[in-house]
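Heads up: the structure comes next, in structure tokens.
Indexing begins at 1, ligand by ligand and atom by atom, following the structure's order. Note that the structure is a prediction, hence the values are computed from the model and not measured. Only heavy atoms go into these numbers, but all of them, side chains included; no hydrogens, no water, no symmetry mates.
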Amino acid sequence: AKAVGRNNLQFYTLGLEQALLERVQLVADLRHALVAEQFVLHYQPQFDAATGRLDAVEALLRWRHPAQGWVAPGRFIPVAEQSGLIGDIGAWVLGQACRQWRQWYEQTGRPDLRVAVNLSAAQLASDGFIEQVDHLLRWHGMPPECLELEITESMLMEDVEQNVERLGALRERGVKLAIDDFGTGYSSLSYLRVLPIDALKLDRSFVHGVETDAGNAAICKSIIALAHNLGLHVVAEGVETEAQRAFLLSQGCDRLQGYLLARPMPPAELRQHAAFP
Ligand code: C2E
Ligand code: CA
Ligand code: CA
Ligand code: CA
């Protein structure tokens, strides 16, 4: 038994070493990805639930790795966050999304399309973030209302005071703020009163369960009612079926996003979409 144990240990440490090497490589590749222009943004439409009108698009980061092909954000965003690279990558995303807005504006003449961008905690906390937003909006002639920043509950808990202050400064300018993955974090509901936000994004784990699970349906229903009572909009993410859409509509959910309506897509494809202005 002892020998087996030792072998297992050796196997285990080899496995760890391997994982560590892969990770070091991933960080090195990520560091290189920005200058090598391996990142692109795809955009997933969000529709007004009642009218079906295209309201906003969420920018979702895609990485085309030269050897591994497309790497999913779920794999590299956490690594970028832990290695400190998310600052530069996040700044690129924000700049690119604003630039894309400008291009759409020039193509359509319509200033009312909103672009939603995912923020990382380190980005919101970084020096000069507000100035960066100001600069981008001014540079691209983008109305602040056309930019929506998505933040998660957990990232707000890190330095509540500073975060609330920064979010307040952004909101004062007219930038829209949404809490992403709402309901999956640990934040207390009482924070909702003090956070200067405009919308909640109902996490897709709740949305998926509404057809089969009475508990999930009750949670969705309650979150929508709570949000509305607080004067917030509700965006449902991960809407995949007609039944989910019907339920969300019946509960007065404001915006819908999900594969049922549209997948994330490159800008060229989005322009061909029937709902695009
Ligand atoms: P998220 O912000 O919750 O984004 C929604 C994710 O759900 C996206 O995955 C989207 O492709 C996917 N999705 C959309 N509709 C459906 C649906 O109907 N069903 C299902 N099952 N999934 C759907 P994606 O693009 O892989 O992004 C994963 C996560 O990576 C995002 O989750 C976000 O947390 C993070 N992320 C993506 N881009 C960025 C970025 O630019 N900056 C930061 N900080 N995080 C990002
Ligand atoms: Ca998001
Ligand atoms: Ca989300
Ligand atoms: Ca998510």
TODO: Using 3.0 Å as a strict upper limit, say whether an N, O or S atom of D181 approaches the Ca ion (ligand 2) that closely.
DONE: no
Open item on the list: Closer than 3.0 Å to the Ca ion (ligand 2): does that hold for any N, O or S atom in E150?
Closed with: yes
Task: Result of checking E58, Q257, R263, E237 against Q44 for side chain to side chain donor-acceptor pair (under 3.5 Å) - done: Q257
Task: Heteroatom proximity flag, Y259 to ligand 1, N/O under 3.5 Å - done: yes
Task: ring-ring contact (aromatic ring centres under 6.0 Å, His included) pairs, two or more places apart, involving residues 78-113 - done: Y43-W104, W101-Y105, W104-F276
Task: Proximal ligand 1 atoms for P264, defined as those under 4.0 Å from one of its heavy atoms - done: 11 (O)
Task: Q68 and R75: side chain donor to acceptor below 3.5 Å - done: yes
- [ ] Using a 4.0 Å heavy-atom threshold (strictly under), name the region of V239 that reaches ligand 1: side chain, backbone, both or neither.
- [x] backbone
- [ ] Determine whether any heavy atom of H42 lies closer than 4.0 Å to an atom of ligand 1.
- [x] no
Open item on the list: For Q46 and R255, which I'm curious about, is there any donor-acceptor pair between the side chains at under 3.5 Å?
Closed with: yes
- [ ] Report the member of A59, G74, P78, P73 with the shortest heavy-atom distance to atom 26 (O) of ligand 1.
- [x] P73
Open item on the list: Can you tell me if S120 contacts ligand 1 (heavy atom of the residue under 4.0 Å from the ligand)?
Closed with: yes
Task: D180: its N/O/S atom lying closest to the Ca ion (ligand 2) (atom name) - done: OD2
Task: Heavy atoms from other residues, nucleotides or ligands near CD of E161 exceed 12 (cutoff 6.0 Å) - done: no
Open item on the list: Under 4.0 Å from a heavy atom of G258: which atoms of ligand 1 are those, numbered in the order shown and with their elements?
Closed with: 15 (N), 18 (O)
TODO: Would you check whether E58 has a nitrogen or oxygen atom less than 3.5 angstrom from a nitrogen or oxygen atom of ligand 1?
DONE: yes
- [ ] Find all atoms of ligand 1 within a distance of less than 4.0 Å from any non-hydrogen atom belonging to Q44, and give their numbers and elements.
- [x] 14 (C), 15 (N)
Task: Option set R204, E237, Q244, criterion heavy-atom distance to atom 7 (O) of ligand 1, minimum - done: R204
Open item on the list: Once you restrict to heavy atoms under 4.0 Å, what part of V93 touches ligand 1? Side chain, backbone, both or neither.
Closed with: side chain
Task: Pair R271-Q107, side-chain donor/acceptor within less than 3.5 Å - done: yes
TODO: Look at atom CD of Q82 and say whether more than 12 heavy atoms of other residues, nucleotides or ligands are closer to it than 6.0 Å.
DONE: yes
- [ ] Would you please say whether a donor-acceptor pair under 3.5 Å links the side chains of H208 and D213?
- [x] no
- [ ] Report yes or no: do D48 and T51 form a side-chain donor-acceptor pair below 3.5 Å?
- [x] yes
TODO: Say whether H233 and D198, considering side chains only, have a donor N or O and an acceptor N or O under 3.5 Å apart.
DONE: no
Task: Members besides V40 in its Ile/Leu/Val/Met/Phe/Trp/Tyr cluster (side-chain heavy atoms under 4.5 Å) - done: W70
Task: Option with minimal heavy-atom separation from atom 8 (C) of ligand 1, where the choices are L60, L41, I77, T241 - done: L60
Open item on the list: Any atom of ligand 1 sitting under 4.0 Å from a heavy atom of Q257?
Closed with: no
Task: Within 6.0 Å of CD in E37, more than 12 heavy atoms from elsewhere - done: no
Open item on the list: Quick check on contacts: which atoms of ligand 1 are under 4.0 angstrom from a heavy atom of E240?
Closed with: 17 (C), 18 (O), 19 (N), 20 (C), 21 (N)
TODO: Return yes when G90 approaches ligand 1 closer than 4.0 angstrom through a heavy atom, no otherwise.
DONE: no
- [ ] Give the numbers and elements of all ligand 1 atoms closer than 4.0 Å to a heavy atom of D181.
- [x] 3 (O)
Task: Flag for E240-Q244: side-chain donor and acceptor within less than 3.5 Å - done: no
Open item on the list: Quick check: of its N, O or S atoms, which one does E58 have closest to the Ca ion (ligand 2)?
Closed with: OE2
TODO: Could you tell me whether L61 and ligand 1 have an N or O pair separated by under 3.5 Å?
DONE: yes
